[in-house]
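Atom set for the values below is all heavy atoms of this structure, side chains included, hydrogens, waters and symmetry mates excluded. Quantities reported herein were computed from a predicted structural model and do not represent experimental measurements.
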Amino acid sequence: MEQKILVRDQESSSSPSSSFFFFYLCSSTFKNLFTEAKNTIPNPNPIIPLSPVSKMSNQKKRNFQIEAFKHRVVVDPKYADKTWQILERAIHQIYNQDASGLSFEELYRNAYNMVLHKFGEKLYSGFIATMTAHLKEKSKLIEAAQGGSFLEELNKKWNEHNKALEMIRDILMYMDRTYIESTKKTHVHPMGLNLWRDNVVHFPKIHTRLLNTLLDLVQKERTGEVIDRGLMRNVIKMFMDLGESVYQEDFEKPFLEASSEFYKVESQEFIESCDCGDYLKKAEKRLTEEIDRVAHYLDPKSEEKITSVVEKEMIANHMQRLVHMENSGLVNMLLNDKYEDLGRMYNLFRRVTNGLLTVRDVMTSHLREMGKQLVTDPEKSKDPVEYVQRLLDERDKYDKVINTAFGNDKTFQNALNSSFEYFINLNARSPEFISLFVDDKLRKGLKGITDVDVEVILDKVMMLFRYLQEKDVFEKYYKQHLAKRLLSGKTVSDDAERSLIVKLKTECGYQFTSKLEGMFTDMKTSEDTMRGFYGSHPELSEGPTLIVQVLTTGSWPTQPAVPCNLPAEVSVLCEKFRSYYLGTHTGRRLSWQTNMGTADIKAVFGKGQKHELNVSTFQMCVLMLFNNSDRLSYKEIEQATEIPAPDLKRCLQSLACVKGKNVIKKEPMSKDIGEEDSFFVNDKFTSKFYKVKIGTVVAQKETEPEKQETRQRVEEDRKPQIEAAIVRIMKSRKILDHNNIIAEVTKQLQPRFLANPTEIKKRIESLIERDFLERDSTDRKLYRYLA
Amino acid sequence: MRRSSSKKKSAESVTTDLFRSASSKASTKEMDRIDHLFNQYANRSSNLIDPEGIEELCSNLEVSHTDIRILMLAWKMKAEKQGYFTHEEWRRGLKALRADTINKLKKALPELEKEVRRPSNFADFYAYAFRYCLTEEKQKSIDIETICQLLEIVMGSTFRAQVDYFVEYLKIQNDYKVINMDQWMGLYRFCNEVCFPILLSPDLAASSANSNCFYHVQISFPDMGNYNPELAWPLVLDNFVEWILEKQA
């Protein structure tokens, strides 16, 4: 017996088989309801279930067969047309905003059934045709709108279209999911947008009008009018909704072009009429306006594009002219401390390629020019302290500029440093002056300043020091100045002295400061020695006091010992000290540096007025002579003291010719000391002060010959250093060519001084002559080390 | 040190020379004649041809004692000490020149000059000329005046302009009082390698127009275009070139 399992397709009839919710089209609840509706849609694919019973019978009967139920579905031939008419009417109603009477369920079912009965194609094309027709109508309406209402009308219609499109999409949901999916056609919603694009936005009579209206509004806003930004935003949003390419092609591109044109004209106008500062203010304002515009009604992606347009037109194209603008350009800003303008310039120029480079180049060349004038102007280098102070001020100023206006930009700092390095070394006396500046500060300048401030000043000096190429020259001078400070007891703060030495040590290494430290050690040792000396000679507490500072040869700047005849009272003491010192330190030799000493003398003048005179050792020798005679000629003084003529003249000049301090008188009265002059004690000498300091007429700055001498000493000192560097390098490299050896030697000596290539060459030749090196027999550029 | 060792060597070579010459009667005879010639000029007590002998030799050869050919002869003999020829040196030189009479020697001189002027020999000869002038023990450099004379003799005919300029420069500069071997050899290379500009003062122009040396060809070079200071020339040449350029400017 054959058994047939029948399964009825419940969905084959066109009448509803189960009850649905009725649905009034209302967009807010639409989706929610729709999901419920979907859940109740019967399974569209009929399945033939195999019941367990059939399995049982299958075991009994062999030839068991299942056949599909042959059910003839009679389709109304006009079914598709009828159904489509229903849907078409509904679409019309939706567009006419008359959708309240529509049943979603019914419409959905109809669309569903159409797809199910393979009328998807008809449904799809019908939907497109209907919508197109509608949109064509709308575009006519929009076009008809006059003037200002045009955009509003467009916006209104666009909103309507969107609403309608949403409903239609929901009705055609099934088609969207199955038919369109399988045929790979455009989905309903994007299709709706495309249709809007093609029929409305690209409608010839709307297309250009729309664009012009928009650009016009932007232009109006740029010139200061208030526009309806909300409307703008909606319309622009429409472009964005229609797709990125539509936004870019139909709006962004022309917008950027128009902006470019606008700013080209405007920047030209500005640059003709404004100074640099104002121009930059305007440019900055424009830039923020554009950014603001993007934030309010454009695609955020446009920000970069529109700012680059403004940057290009307003800044990049006028960069050179702005920077070099007479009376208001970069140099002017720098000169007049216009930090705000400078900051603005930095921020704006940073946005364009080569912008900062331009600013930096101009700043550098200005700095170099300014610095060059500063260091080469003979007027300005008259006073070393002033000179260095000016350098420091400039440095501070540019530090501040870079800090406040240029965002502490590293590249600017480098430019600043290299510029300073460039011009400081233009003046060969810079090392000397910096040392003099320190000398001045440590002598008196630091009085009444806190330790912290002292550190600040010293740090600044170190900064200048770092720029010096000839650090060894600085060392030479520093040593001289330090020696004078220490020996005359003029140093204000021992801490400050030591602090600077430590700084120099960290900067240049132990070698650089070892001798300077040696000087400090000598001072300390001398104190102990003096204590020991007076301890072993208690009888000396009466009479003149001698304080000796024993200086190690080599640590102190060498000065030729100028001999002189000390007064008997002093030379006796000196002898005692000599024997004491040599008794405790065997194998040493002492030589008196009388040119570096000082003395305090108590003097009683004519009317019994007492004064304490602070004089140099030479002056003391001269004054002591007057204990035994009232009147002495120049020749007699020279004979008795044996002070070399130039020194003697200087010391007599300061004793006899300085007003208020002329403790002796000379005949004839004149400013200069002649060999025929004679001298006597000025009995009528008076002074408000008990202590009178009689300075020696000395030039603080080095004189020309002294300078030459120091220079020569420095050069001499460099020779062995260069040779040592050459030998060190050649010892490790064995063979090296000329250029490389010059480069390496220069590099090795850089921390101390800038070696002159010619001098290096000279040293190489000298080493060749002394058989340390030889030239290669074939390649003359090569040197060989001869071990 | 070097000197004594080279002496030892040459003594050995002399003995072998003697040995070889013994095998041939002709050469023995030739050597006899060379010895005879030596004795003609040698100082009997020192057994050396001393400056006096050399002067006599020069007058017999009809050349000046400052002539380059006498220096070439010394080079051929490998003479060690300026102004003196030892017996051994004499033999070495004359044998190589195949000259055993004064006439033959005279005729050999042009040949000798040709030989020396070959570039491969000239550099050696040039260096020899410098060493030949080192008369003191441990002397390493030669005073400017001697250098000028030596330069005149050695290169006066081939590098007229360079020598004139260099001598002029050496006489007015103050940086150098002596010239060492390195600088001397540097100058030789300079003359051979650097196109020398001739911005002539009238008298120099006249003299160069008369001579037919090859530096004429180089007159067209506007400046010392190919003087490359990076080639590690001795400093004295750097300064020399600078001086010339300054002079031209």
Side-chain angles (χ1 to χ4, degrees), chain A residues 708 711-712 714-716 718-723 725-731 733-749 754-787, chain B residues 1-3 119-124 126-128 130-131 133-134 136-144 147 169-170 173-194 226-243 245-246:
Chain A
Q708 301 257 315
R711 187 83 251 185
Q712 222 171 356
V714 168
E715 294 292 343
E716 279 307 314
R718 282 178 186 184
K719 281 182 188 171
Q721 292 187 53
I722 296 174
E723 283 187 359
I726 296 170
V727 171
R728 266 200 302 277
I729 291 161
M730 289 308 288
K731 203 165 180 176
R733 305 288 284 267
K734 303 293 179 216
I735 303 174
L736 199 62
D737 70 281
H738 181 72
N739 287 346
N740 271 319
I741 198 168
I742 299 268
E744 287 210 25
V745 169
T746 312
K747 201 176 138 212
Q748 224 178 66
L749 295 172
L754 196 69
N756 179 353
T758 312
E759 189 57 40
I760 300 176
K761 204 169 175 181
K762 237 186 224 171
R763 293 299 104 212
I764 293 174
E765 282 174 35
S766 161
L767 288 168
I768 290 176
E769 205 179 322
R770 284 179 284 155
D771 292 332
F772 282 95
L773 306 178
E774 66 172 5
R775 281 182 209 272
D776 188 86
S777 49
T778 50
D779 187 351
R780 77 185 60 152
K781 289 199 299 292
L782 288 184
Y783 298 113
R784 289 168 177 281
Y785 180 68
L786 296 173
Chain B
M1 184 64 196
R2 186 185 287 162
R3 199 165 286 185
S120 54
N121 287 332
F122 195 79
D124 186 54
Y126 181 84
Y128 169 81
F130 185 86
R131 283 197 302 272
C133 291
L134 297 173
E136 305 289 320
E137 196 65 31
K138 284 185 182 168
Q139 187 185 345
K140 282 190 170 173
S141 44
I142 299 171
D143 64 283
I144 292 290
I147 281 292
Y169 169 71
L170 284 181
Q173 54 80 33
N174 292 320
D175 301 335
Y176 301 91
K177 297 199 168 53
V178 293
I179 291 293
N180 61 28
M181 186 63 157
D182 186 50
Q183 292 159 336
W184 176 254
M185 292 315 288
L187 181 66
Y188 179 68
R189 284 205 318 252
F190 178 87
C191 291
N192 277 301
E193 291 170 22
V194 176
N226 67 345
Y227 183 83
N228 182 356
E230 309 226 320
L231 281 182
W233 294 99
L235 200 61
V236 66
L237 290 170
D238 286 343
N239 295 341
F240 172 52
V241 169
E242 199 177 303
W243 173 77
L245 294 179
E246 233 165 64

More than 12 heavy atoms of other residues, nucleotides or ligands under 6.0 Å from NZ of K177(B): is that the case?
no
For F772(A), is the CZ atom crowded, meaning more than 12 foreign heavy atoms sit under 6.0 Å from it? no
So, the part of R775(A) with a heavy atom under 4.5 Å from chain B: the answer is side chain
Part of N239(B) lying under 4.5 Å from any heavy atom of chain A
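When you check distances to chain A, no heavy atom of N239(B) falls under 4.5 Å.
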Rounded to the nearest 0.5 Å, the CZ atom of R770(A) sits from the CG atom of N180(B) at a distance of 11.5 Å
Assert top hit (heavy-atom pairs under 4.5 Å, partner chain B, pool K781(A), E774(A), E765(A)) equals E765(A)
Nearest non-hydrogen partners of E769(A) and K140(B), listed with the distance:
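Closest pair (atom of E769(A), atom of K140(B), distance): O-NZ, 3.0 Å.
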Which heavy-atom pair separates A232(B) from R780(A) by the least distance, and what is that distance?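 Heavy atoms only, the tightest pair is CB-O, 4.2 Å.
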